[in-house]
Chemist: 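If you scroll down you'll find the structure; I have some questions about it.
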Amino acid sequence: MSGPGDPADPPGPATEDPVGDYKRLLRRIIDSRPSGMRVRIAQALGKHKSFVSQITNPAYAVPLPARHLETIFDICHFSPEEREQFLAAYARAHPDTARRIAPPDRPARPTRRIEIDIPDLGDATLQAEFEDTLRRFVTGLARVMAKR
């Protein structure tokens with residue numbers, strides 16, 4: 001049974017803890033994904049799993065660095081609605097940073113999905129690291145190409 005302010009509650013109106021608001025939303029989204037998502041995020045960010053715990057736990061004041069947002073959006077497969085909701089909460093907590101990363105008048109760029117064959121490395125951890133590295137490379141390449 002959850003009570004008011006329970007971290008599992010969906011985010012409502014903005015509170016006096018804007019960082020906690022977006023952390024609760026991020027945690028809810030991650031918890032709705034397949035298991036192992038925190039490990040995949042940690043690997044993709046080049047961080048320890050405890051860092052992911054800190055950026056998803058409203059009890060910690062550690063903010064989520066803006067440079068990690070796109071990677072997290074990509075790995076967690078945020079829907080356009082989830083992305084919009086998260087960015088609105090993030091903007092309340094970090095208005096100056098949010099203006100630089102996602103101007104409100106510009107919608108998120110559409111994506112396309114392709115399938116490629118990659119080698120099976122025979123080790124789940126190594127495979128996840130390989131796939132996350134490939135994903136980060138493609139995301140970075142897309143950012144470079146978008147600046148052209």
Side-chain angles (χ1 to χ4, degrees), residues 7-12 14-15 17-148:
D9 288 344
T15 67
D17 180 17
V19 173
D21 291 342
Y22 74 73
K23 286 183 172 196
R24 278 185 283 282
L25 177 57
L26 179 59
R27 179 164 49 190
R28 185 178 53 113
I29 290 169
I30 290 172
D31 288 346
S32 73
R33 301 309 193 252
S35 65
M37 190 58 62
R38 284 175 174 75
V39 171
R40 293 184 66 199
I41 292 169
Q43 289 173 337
L45 299 178
K47 303 287 185 182
H48 193 272
K49 191 177 166 192
S50 65
F51 175 77
V52 178
S53 295
Q54 290 176 2
I55 63 171
T56 59
N57 188 335
Y60 292 105
V62 177
L64 171 56
R67 69 181 177 274
H68 297 318
L69 292 178
E70 286 300 324
T71 302
I72 291 172
F73 293 160
D74 184 50
I75 289 172
C76 296
H77 302 289
F78 273 52
S79 70
E81 296 81 21
E82 289 169 333
R83 181 185 175 106
E84 183 179 328
Q85 188 179 18
F86 180 85
L87 286 173
Y90 193 86
R92 285 190 296 273
H94 311 291
D96 293 335
T97 302
R99 275 193 290 279
R100 289 192 310 262
I101 59 171
D105 59 339
R106 194 177 83 211
R109 181 171 231 157
T111 60
R112 296 183 67 176
R113 181 166 299 276
I114 66 168
E115 287 187 35
I116 60 171
D117 293 325
I118 60 173
D120 183 340
L121 302 176
D123 176 282
T125 303
L126 190 57
Q127 191 74 37
E129 184 177 347
F130 176 79
E131 292 173 16
D132 289 335
T133 300
L134 185 59
R135 190 175 290 109
R136 282 193 320 263
F137 171 75
V138 171
T139 301
L141 182 59
R143 277 192 218 116
V144 169
M145 296 304 291
K147 293 178 184 179
R148 298 184 85 215

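Just so you know, these numbers come straight off a predicted model, no measurement behind them. The basis for the numbers below is simple: all heavy atoms, side chains too, and nothing from hydrogens, waters or symmetry mates. Numbers for residues simply follow the sequence, beginning at 1.
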Chemist: Parallel, tilted or perpendicular, judged at 30° and 60°: which one describes the rings of F78 and F73?
Modeler: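 Ring orientation, 0 to 90° scale: tilted.
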Chemist: Working to the nearest 0.5 angstrom, can you tell me the gap between L26 CG and Q85 CD?
Modeler: 11.5 Å
Chemist: Please report the C-alpha distance between D74 and V138 in whole Å, then the side-chain angles of each, then the deciding distance to 0.1 Å, and finally whether the side-chain contact (heavy atoms from CB on, under 4.5 Å) criterion is met.
Modeler: CA-CA 11 Å; D74 184 50; V138 171; over 6 Å; no
Chemist: Quick one: does Y90's side chain have a donor or acceptor within less than 3.5 Å of a partner on L69's backbone?
Modeler: no
Chemist: Is it the case that more than 12 heavy atoms not belonging to E84 sit under 6.0 Å from its CD atom?
Modeler: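 Atom CD in E84 is not packed in, count stays at 12 or less.
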Chemist: As an exercise, state the distance from CD1 of I30 to CD1 of I55, rounded to the nearest 0.5 Å.
Modeler: 6.5 Å
Chemist: Might you confirm whether atom CD of E131 has over 12 heavy atoms from other residues, nucleotides or ligands at distances under 6.0 Å?
Modeler: yes
Chemist: Can you tell me how far apart OG1 (T71) and NE2 (H68) are? Round to the nearest 0.5 Å.
Modeler: 7.5 Å
Chemist: I'd like to check I116 versus L134 (side-chain heavy atoms, cut-off strictly below 4.5 Å). Are they in contact?
Modeler: yes
Chemist: Quick test of your reading of the model: are E70 and R136 salt-bridged, counting only N-O distances below 4.0 Å?
Modeler: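 A salt bridge is absent here (no side-chain N lies under 4.0 Å from a carboxylate O).
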Chemist: State plainly whether the residues D31 and R38 are in salt-bridge range, i.e. N to O under 4.0 Å.
Modeler: yes
Chemist: Check residues 40-49 and write down every donor-acceptor pair under 3.5 Å in which the side-chain atom is one partner and the other belongs to a residue at least two apart or another chain.
Modeler:
| residue | atom | partner | partner atom | Å |
| --- | --- | --- | --- | --- |
| H48 | ND1 | S50 | N | 3.1 |
| H48 | ND1 | S50 | OG | 3.3 |

Chemist: Identify the heavy atoms of H77 and R33 that sit nearest to each other, and give their distance.
Modeler: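 Answer, listing the atom of H77 first, then R33: O-NH2, 3.2 Å.
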Chemist: Specify the closest pair of heavy atoms between L25 and R28, including all atoms of both residues, with the distance to one decimal.
Modeler: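 For L25 and R28, the tightest heavy-atom pair comes out as CD1-NH2, 2.7 Å.
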Chemist: Any donor-acceptor pair under 3.5 Å linking the side chain of K23 with the backbone of Q54?
Modeler: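 The answer is yes, because a donor-acceptor pair under 3.5 Å joins these two groups.
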Chemist: If I compare all heavy atoms of I29 with all of S32, which pair ends up nearest, and what's the gap?
Modeler: O-OG, 2.7 Å
Chemist: Does any non-hydrogen side-chain atom of V39 lie less than 4.5 Å from one of T125?
Modeler: no
Chemist: Determine the minimum heavy-atom distance between D17 and P58, stating which atoms define it.
Modeler: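 Looking at all heavy atoms of both residues, the closest pair is OD2-O, 4.2 Å.
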Chemist: Can you see which heavy atom on P65 is nearest to which on P63, and at what distance?
Modeler: CD-O, 3.2 Å
Chemist: Backbone N or O of Y22 within a donor-acceptor pair of the R92 side chain at under 3.5 Å?
Modeler: no
